[in-house]
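Numbered from 1 within each chain, the chains take letters A, B, ... in sequence-line order.
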Protein chains: 2
Amino acid sequence: MLRLTRRSEYGIIAIAHLAQRPGEAASARDIAERYGIPKRLLAEVMKQLSHRGFVRSSRGASGGYQLAVDPTRTSVRVVLAALEGPFEMVQCATDGARALEDGEAGRAVAPAASSHFAQNTLCELLGSCPIRGPVQRIHDRMRLVLEEFTIRDLISGGDGAVPMTAGLSTAFAPPAVAAAVRKS
Amino acid sequence: MLRLTRRSEYGIIAIAHLAQRPGEAASARDIAERYGIPKRLLAEVMKQLSHRGFVRSSRGASGGYQLAVDPTRTSVRVVLAALEGPFEMVQCATDGARALEDGEAGRAVAPAASSHFAQNTLCELLGSCPIRGPVQRIHDRMRLVLEEFTIRDLISGGDGAVPMTAGLSTAFAPPAVAAAVRKS
DNA sequence: CAATATCGCATGCTTTCAGTGCTCATTCAA
DNA sequence: TTGAATGAGCACTGAAAGCATGCGATATTG
């Protein structure tokens with residue numbers, strides 16, 4: 001469950017590749033052959049990343065792609081959002097503002113923030129969705145994870161465990177953490 | 001991205017419904033009409049939950065389903081795993097043991113744990129997947145979130161923020177938590 | 001027996017996803 | 001100027017997953 005698409009995998013790999021080589025331009029062919037992913041499909045993904053402003057493309061011979069954002073200030077979440085749309089575990093777990101904010105890199109979208117919710121086939125139609133609140137909490141927690149990791153974290157091969165800083169833990173509320181000791 | 005299926009939503013709703021009414025038996029029709037979900041499909045989901053041991057079914061007139069597990073000791077993750085298979089954001093982000101462990105409720109599976117990985121079309125074939133380690137970290141963090149929330153948390157409408165207990169935070173390592181202050 | 005459930009199997013429809021083909025535009029180097 | 005290399009745009013196909021329904025069998029209650 002909750003699997004990412006290939007497009008996302010390819011995009012993440014490419015982004016990581018570019019982030020490892022600042023200044024250099026890598027062509028779609030380079031990356032595709034390097035990691036054994038279909039060149040044609042990667043090109044499609046790169047085009048999308050280019051439109052969203054995450055990479056800069058240069059055409060012609062010896063052209064290619066370069067990273068166009070700060071790796072330390074760009075979360076994995078926004079990259080994935082550019083490729084797959086906003087993160088929403090369930091239809092109702094989003095709001096207009098969030099959905100609009102997702103998917104663009106630097107170019108300061110700022111549209112007239114209309115707050116028409118997407119057609120909530122489930123939760124809006126029937127007023128009494130019993131799990132709305134709790135699911136929203138889970139959703140926010142998972143979203144936060146995607147937000148914490150940046151492009152830079154993708155290229156740091158180090159598996160050292162960086163401890164969690166305090167002050168964040170209270171922001172989103174995990175309910176019964178003792179439960180985590182059970183399994184996992 | 002990372003959206004749950006309807007089956008999961010329906011299953012979670014049903015589980016929550018049953019957890020709110022301990023002892024009572026609710027039929028598929030009851031639940032379906034109550035929340036406006038297709039009765040026939042819900043029945044399919046309930047059958048699956050019954051096979052996995054999460055609910056107990058009783059046939060015949062005045063039959064229905066009852067919760068068969070301890071709501072405080074059953075994570076959302078295992079419920080979802082029973083409906084959609086194990087949580088894996090990418091193909092390589094799992095291992096044999098985990099995949100086997102997922103999806104069963106109480107009945108102590110304990111199969112001869114063969115550790116043949118699934119066909120890793122991407123990461124195994126080409127030795128050099130650059131994002132393997134980092135993605136695994138993200139994966140584990142998200143998995144932990146699903147593990148922390150229990151069935152009981154689904155029915156507590158209270159939005160009170162329970163603080164995170166210490167001692168857990170160091171288990172899985174978030175890399176640059178300061179990043180979270182940026183957005184969100 | 002009759003009504004009400006679940007159970008098991010099969011089936012059709014729709015959407016998404018993965019991947020490819022082809023053509024044009026752009027750039028660089030010989 | 002020419003040709004090779006590269007990205008951009010558009011459309012398309014095949015496969016798989018997801019959603020939903022139908023029907024008959026079986027179990028249970030009254």
Can you tell me the distance, in whole Å, between the [atom1] atom of [X] and the [atom2] atom of [N]?
X	N	atom1	atom2	value
R29(A)	dA4(D)	CZ	C1'	11 Å
K47(B)	dC19(D)	NZ	P	16 Å
I37(B)	dT21(D)	CD1	P	12 Å
L2(A)	dA17(D)	CG	C1'	15 Å
E9(A)	dG19(C)	CD	P	10 Å
E44(A)	dG19(C)	CD	C1'	10 Å
I31(B)	dT6(C)	CD1	C1'	13 Å
R56(B)	dC7(C)	CZ	P	13 Å

Distance test, side-chain N/O of [X] to OP1/OP2 of [N], below 4.0 Å:
X	N	result
R59(B)	dT4(C)	no
S57(A)	dA8(D)	yes
H51(A)	dG9(D)	yes
Y65(A)	dA8(D)	yes
R6(A)	dG19(C)	yes
Y10(B)	dC19(D)	no

- With DNA chain C as reference, determine whether R7(A) or S62(A) sits nearer its 5' end, using the nearest nucleotide of each. R7(A)

- Message: Pairing donors with acceptors under 3.5 angstrom, does anything connect the side chains of R21(B) and Q66(B)?
- Response: no

- Please confirm whether the backbone N or O of A82(A) pairs with a side-chain atom of Q48(A), one donor and one acceptor, at under 3.5 Å? yes

- Message: Can you tell whether the side chains of R3(A) and E88(B) come within less than 4.0 Å, N to carboxylate O?
- Response: yes

- Message: Closest-nucleotide mapping onto DNA chain D: is A26(A) or S58(B) further toward the 5' terminus? I mean the 5' end.
- Response: A26(A)

- Message: From C-beta outward on S27(B), which listed nucleotide comes closest to its side chain: dT6(C), dT21(D), dT28(D)?
- Response: dT6(C)

- Note on the structure: Picking from dC10(D), dG7(D), dG18(D), the nucleotide nearest the side-chain atoms of A28(A) would be dG7(D)

- Message: Check the orientation of H139(B) and F87(B). Use parallel for under 30°, tilted for 30 to 60°, and perpendicular for over 60°.
- Response: parallel

- Query: Minimum heavy-atom separation for A32(A) to L42(A), with atom names?
  - Reply: N-CD2, 3.6 Å

